[in-house]
Trainee: 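Have a look at the structure that comes next, please.
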Amino acid sequence: MADVPAAAPCPECGSSSKRQFGVAALIRPGSRAVRLIDATKRTASEPSVVAAPPPRRSVPISRNPLHRTLPRP
């Protein structure tokens, strides 16, 4: 950045113009975003293999007698 002059000619009219840096040029993706993008690309050709289905979640049983009268799904 130090080697670039502070002013440059305008490509349309040829007059001198001041250089400016945009925010997008200074932002780079974080490591989490890069890992997520890489994992997404990898799953297209290498899907993950599972040994068994996920375990069932147990439903807590209520001991309250009033709950017996509630409608069940």
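Quantities reported herein were computed from a predicted structural model and do not represent experimental measurements. Hydrogens, waters and symmetry mates are skipped; everything else that's a heavy atom, side chains included, is used.
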Trainee: Can you confirm whether Leu70 sits close enough to His67 that some side-chain heavy atom of one is under 4.5 Å from a side-chain heavy atom of the other?
Mentor: yes
Trainee: Assess the residue pair Ile37 and Lys41 against the criterion (side chain to side chain contact (heavy atoms under 4.5 Å, CB included)); give the C-alpha distance rounded to whole Å, side-chain angles, the decisive distance to 0.1 Å, and a yes or no.
Mentor: CA-CA 6 Å; Ile37 292 169; Lys41 288 179 184 176; 3.8 Å; yes
Trainee: Shortest non-hydrogen contact from Asn64 to Leu66?
Mentor: OD1-N, 2.9 Å
Trainee: Restricting to side-chain contact (heavy atoms from CB on, under 4.5 Å), what partner residues turn up for Ser16, sequence neighbours left out?
Mentor: Ala7
Trainee: Which pair of non-hydrogen atoms, one from Pro9 and one from Gly14, has the smallest distance, and what is that distance?
Mentor: CB-O, 4.1 Å
